[in-house]
Amino acid sequence: MQNVDQYYPASGRVILHVDMNAFYCSVHEAEDPEHYKGKATAVAGSVEARRGIIVTCSYAARRLGISTGMQVQRALRICPDLILIKPDFHLYRKYSKAFMQIAYSYTPLLEAVSIDECYLDITGSRQFGTPLEIAEAIQRRILEELGLPCSVGIAPNKLLAKIASDLKKPSGISVLRLRDVPSVLWEKPCNDMFGIGAKTAEKLRKLGIYSIGQLAAADEAMLTGHFGVLGSWLKRAGNGIDHGAVNPEREQSKSIGHTTTLPHDVIGLAEARPILLNLSDQVARRLRKQGLVAAGVQLTIRTPDMKTITRSRQLEAPTESAEDIYKAACDQFARHWKGEKPVRLLGVTLQGLTPKEESAIQLDLFDYERQPKKESLNKAMDMLRNKFGENAVLTAGMLSDSHSARLRNHKERGTSLQKDNLGGAGQDAKE
């Protein structure tokens, strides 16, 4: 019998990064293998209109030249038989929770970073075998129990574990040690390093730094002079150094909400609109500040006799836009609060929150083209408000009714962020 202890460091850690392969498409294959298994499939927005964007696609589709972010029309020209699937975020979350429950059974030190990936610190898990045996067991169980493929990276830190999981896809297991960094990474371009985007890579190229090896050898003072504190991180990353611990307490906000008790009762949607716009703007700002998008909107209404109703609806696509949130809130008000009944309190709460960078934001072609402008405008408005206060930027709708003016002088109450907890065998993961 082998000595398991020799596979674990006397000091230091063993980190796994579990990364699901083509997760959304794989979930649909697992649910309906007869129609989807082994075929060219893609999850996309605006499927009926054929003008959406490919969110993810199966490996069969990727082999044909289809890729994430591609317009559906172009993808169909490449592969007329491509099977387009509407996103089902409830289904994805169910499978996400299930695969993380499997991973969690090997260590309580699990950090979910998106709906389809997590870090595991297995330094204290030697009772389950060597790191490679644990990785193989997790990969095998996820495939056998859920029908989903995944790749696993094994490394002494989170950065290298993340990079390792990308080395062999689909269904690979890779080990990346610190001593492997020069031979595996140093010849690669800087933007192959996780955490280095196109803009940073371009700035590095202007400094004459083209490869990860050159970044590793660069003068740290020079890097911090150009990039600030990021410069020190860049130097460490080039050398494969990462001191970040797996944080099981990193939890995703389950909801973000604002409610306001009105100084005077409002009657009808026309009077409620400016208030709903203010509330939508507030929750959208908090959403963007945390780097999240929302999949659902809940409207809260309370009458003068203290009767409270809540109504929720799922959005067609995750959003960070106050405009989308406002429209959904108004639709809910019009649908569920007809007549001339007075309202004493209004609230807007965002649900189904997920990190923006890991979420499938469904955009039709028109939205896809204007999205950068909308994001730039949101950033500018947020920056002005952060610096000069909430009233620094107001939309016309916020000024269109006397109630909105009173609302701006009335203290709003934000609901506390409710957290998903790692209770029992897993957590509600993020998407």
Side-chain angles (χ1 to χ4, degrees), residues 17-96 98-99 113-118 139 142-143 146-153 162 165-172 191-192 194 197-198 293 295 315-319 354-369 371 429-431:
H17 181 256
V18 179
D19 192 4
M20 307 306 293
N21 301 146
F23 182 58
Y24 297 162
C25 289
S26 296
V27 165
H28 289 290
E29 284 191 25
E31 281 284 296
D32 191 354
E34 182 178 347
H35 286 93
Y36 299 129
K37 192 168 183 63
K39 297 181 180 178
T41 63
V43 172
S46 301
V47 171
E48 295 84 357
R50 295 298 191 268
R51 58 191 177 93
I53 301 298
I54 299 295
V55 173
T56 191
C57 54
S58 66
Y59 280 90
R62 295 178 194 192
R63 287 192 288 270
L64 297 174
I66 296 168
S67 60
T68 299
M70 182 179 287
Q71 295 174 11
V72 169
Q73 289 179 332
R74 182 184 173 196
L76 289 172
R77 287 196 295 269
I78 295 173
C79 177
D81 296 327
L82 179 67
I83 302 173
L84 298 173
I85 307 170
K86 281 186 175 182
D88 186 340
F89 294 105
H90 291 295
L91 185 64
Y92 306 149
R93 281 190 282 270
K94 184 183 81 170
Y95 273 85
S96 177
F99 94 75
V113 289
S114 73
I115 195 170
D116 63 347
E117 61 179 317
C118 63
Q139 186 185 69
I142 291 174
L143 183 62
L146 304 177
L148 301 178
C150 70
S151 298
V152 184
K162 169 71 175 178
S165 68
D166 284 333
L167 294 178
K168 296 179 183 177
K169 286 188 173 182
S171 303
N191 59 328
D192 275 13
F194 174 69
V293 291
L315 300 169
E316 292 183 4
T319 187
T354 57
K356 179 183 176 182
E357 68 271 15
E358 286 117 8
S359 295
I361 300 181
Q362 310 292 318
L363 302 171
D364 62 28
L365 181 55
F366 180 69
D367 277 338
Y368 183 73
E369 291 171 342
Q371 186 71 9
K430 304 176 287 296
E431 168 52 356

If every non-hydrogen atom of [X] is compared with every non-hydrogen atom of [Y], which pair is closest and at what distance?
X	Y	answer
Gly147	Ala30	O-CB, 4.0 Å
Ala22	Thr56	CA-OG1, 4.2 Å
Ser171	Ser151	N-OG, 3.4 Å
Pro87	Tyr92	CA-OH, 3.4 Å
Val113	Pro355	O-CG, 4.1 Å

What distance separates [X] [atom1] from [Y] [atom2], expressed to the nearest 0.5 Å?
X	Y	atom1	atom2	result
Leu146	Glu31	CG	CD	10.5 Å
Met20	Cys150	CE	SG	5.0 Å
Met70	Leu76	CE	CG	10.5 Å

Side-chain donor or acceptor of [X] paired with backbone N/O of [Y] under 3.5 Å:
X	Y	value
Ser96	Ile115	yes
Tyr95	Leu91	no
Arg62	Cys57	yes
Ser26	Asn21	yes

For the residue pair [X] and [Y], establish whether any side-chain heavy-atom pair is separated by less than 4.5 Å.
X	Y	result
Cys25	Tyr59	no
Val18	Ile142	yes
His17	Phe194	no
Phe23	Glu117	no

Could you walk me through whether Gln73 and Arg77 pass the side-chain contact (heavy atoms from CB on, under 4.5 Å) check? CA-CA 6 Å; Gln73 289 179 332; Arg77 287 196 295 269; 4.2 Å; yes
Could you pull out all residues at least two apart from Asn191 that satisfy side-chain hydrogen bond (donor to acceptor under 3.5 Å, both in side chains)?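 In terms of side-chain hydrogen bond (donor to acceptor under 3.5 Å, both in side chains), with neighbours along the sequence ignored, Asn191 is linked to no residue.
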Taking side-chain contact (heavy atoms from CB on, under 4.5 Å) as the test, write out the residues that go with Ile83, two or more places apart.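 In terms of side-chain contact (heavy atoms from CB on, under 4.5 Å), with neighbours along the sequence ignored, Ile83 is linked to Tyr36, Lys39, Thr41, Ile85.
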Salt bridge (Lys or Arg N to Asp or Glu O under 4.0 Å) partners for Asp166, two or more places apart: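 For Asp166 the salt bridge (Lys or Arg N to Asp or Glu O under 4.0 Å) partners, ignoring immediate neighbours, are Lys169.
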side-chain contact (heavy atoms from CB on, under 4.5 Å) between Lys86 and Glu316: does it pass, once the steps are laid out? CA-CA 10 Å; Lys86 281 186 175 182; Glu316 292 183 4; over 6 Å; no
Could you please spell out the steps behind the side-chain contact (heavy atoms from CB on, under 4.5 Å) verdict for Phe99 and Cys118? CA-CA 10 Å; Phe99 94 75; Cys118 63; 4.1 Å; yes
Under the criterion side-chain contact (heavy atoms from CB on, under 4.5 Å), which of Ile66, Leu84, Leu82 is the partner of Val72?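 It is Leu84; the other options fail the test.
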Working note: Leu143 + Leu148, criterion side-chain contact (heavy atoms from CB on, under 4.5 Å); need CA distance, chi angles, decisive distance, verdict. CA-CA 5 Å; Leu143 183 62; Leu148 301 178; 6.0 Å; no
